[in-house]
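Input: a single structure, listed below in structure tokens.
Computed from heavy atoms alone, side chains included, the values below leave out hydrogens, waters and symmetry copies. Everything numeric in this text was worked out from a predicted model, so none of it was measured.
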Amino acid sequence: MESVEANYQGVWGNRIGFGKRPALLVIDFLKAYTIEGAPLYAPGVVKAVAETPSLLAAARMAGIPVIHTRILYLAQNCADGGMWVKKSPVMKSMVSGNELAEFCEEVEPADGELVIVKQYASAFFGTSLASLLHTQGIDTVVMAGCSTSGCIRASAVDAVQHGFRTIVVRDCVGDRHPDPHNANLFDIDSKYGDVVSKEEVIAAITSAQQGGTTATV
């Protein structure tokens, strides 16, 4: 049987690149994924968190919008999580006052950066994110965060469906196991956006800032 790369070649995998105005979307870098022993603990997320401060610094230096998301349930018994919480009751830790629902200190939002609260996997579902980005003229969404097979994938699918160029930063996303992580990066890169290295993204951001032209990766 031919390899998956050979099977996809010439059918999937077209490169979309950066547009003229990117925003950085940092998805759910919460302590639930980085505190060892917690049910959602994911070693891949710990590594991704460690890689992300330099990406944040580059985005802030370039003056591109930085938006963070967090999962937070406000209704009694997490009823606002609907069927997702019924399928994945581990998510019930995402409530106010629970340390697991707080941002990791290394990548917490800076003063003035928008935090979008969501109740489902996609950063776009049930939120004002798409309208906000369109209003600001954003055409490219650069994604870091977790988990690759969950909220990153869901957000990447919705981003392209809302008309955004979708860039996922390979070094700055993580999951609890390499297999779903790698499989979903492959699928996102094939069908929904470009999966690129942190170095490529920082170079593209810096190039766009200095030249005022469309950046490509």
Where is the tightest heavy-atom contact between [X] and [Y], given as atom of each residue plus distance?
X	Y	result
Ser93	Ala101	O-CB, 4.0 Å
Leu129	Ile116	CD1-CD1, 3.6 Å
Gln119	Asp80	CB-O, 3.5 Å
Phe29	Cys172	CZ-O, 3.5 Å
Lys118	Ala121	NZ-O, 2.9 Å
Asp158	Phe125	OD2-N, 4.2 Å

In Å and rounded to the nearest 0.5 Å, what is the [atom1] to [atom2] distance from [X] to [Y]?
X	Y	atom1	atom2	answer
Asp28	Ser147	CG	OG	8.5 Å
Asn184	Asp175	CG	CG	7.0 Å
Gln161	Ser122	CD	OG	9.0 Å
Leu30	Ile35	CG	CD1	10.5 Å
His134	His162	NE2	NE2	7.0 Å

Are [X] and [Y] packed together at the side-chain level, in the sense that at least one heavy-atom pair is separated by less than 4.5 angstrom?
X	Y	result
Leu114	Leu132	yes
Asn98	Tyr73	no
Phe18	Glu200	no
Lys92	Asn77	yes
Ile152	Ile27	yes
Pro65	Ile138	yes
Val173	Arg153	no
Leu40	Leu100	no

Could you check Ser96 against Leu74 for side-chain contact (heavy atoms from CB on, under 4.5 Å), going step by step and ending with a plain yes or no? CA-CA 8 Å; Ser96 181; Leu74 307 173; 5.7 Å; no
May I ask whether [X] and [Y] are part of the same hydrophobic cluster, defined by side-chain heavy atoms of I, L, V, M, F, W, Y residues being less than 4.5 angstrom apart, directly or through others?
X	Y	answer
Val66	Val169	yes
Ile64	Met143	no
Val90	Tyr33	yes
Phe164	Ile188	yes
Val95	Met91	yes

Salt bridge (charged side-chain N to carboxylate O under 4.0 Å, His left out) with Lys31: which of Glu105, Glu102, Glu108? Glu105
Please work out which of the three classes, parallel, tilted or perpendicular, describes the rings of His68 and Phe103, given edges at 30° and 60°.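 Phe103 vs His68 ring planes: perpendicular.
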Check the orientation of Tyr120 and Trp84. Use parallel for under 30°, tilted for 30 to 60°, and perpendicular for over 60°.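 Correct class here is parallel.
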If you count every heavy atom of other residues, nucleotides or ligands that lies below 6.0 Å from [X] atom [atom1], does the total exceed 12?
X	atom1	value
Glu36	CD	no
Lys47	NZ	no
Glu106	CD	yes
Glu2	CD	yes

So, the side chain of [X] versus the backbone of [Y]: is there a donor-acceptor pair under 3.5 Å, distance only?
X	Y	value
Arg165	Ile16	yes
Ser149	His181	no
Ser190	Trp12	no
Asp194	Gly17	yes

Name the atoms and distances for all side-chain donor-acceptor pairs under 3.5 Å in residues 49-56, with sequence neighbours left out.
{"from": "Glu51", "atom 1": "OE1", "to": "Lys198", "atom 2": "NZ", "distance (Å)": "2.8"}
{"from": "Thr52", "atom 1": "OG1", "to": "Ala48", "atom 2": "O", "distance (Å)": "2.7"}
{"from": "Ser54", "atom 1": "OG", "to": "Glu51", "atom 2": "O", "distance (Å)": "3.4"}
{"from": "Ser54", "atom 1": "OG", "to": "Lys198", "atom 2": "NZ", "distance (Å)": "2.9"}

Do the side chains of Asp189 and Arg170 get close enough for a salt bridge, i.e. N-O under 4.0 angstrom? no
Run Tyr41 and Val46 through side-chain contact (heavy atoms from CB on, under 4.5 Å) and show every step you take. CA-CA 9 Å; Tyr41 175 71; Val46 175; 3.7 Å; yes
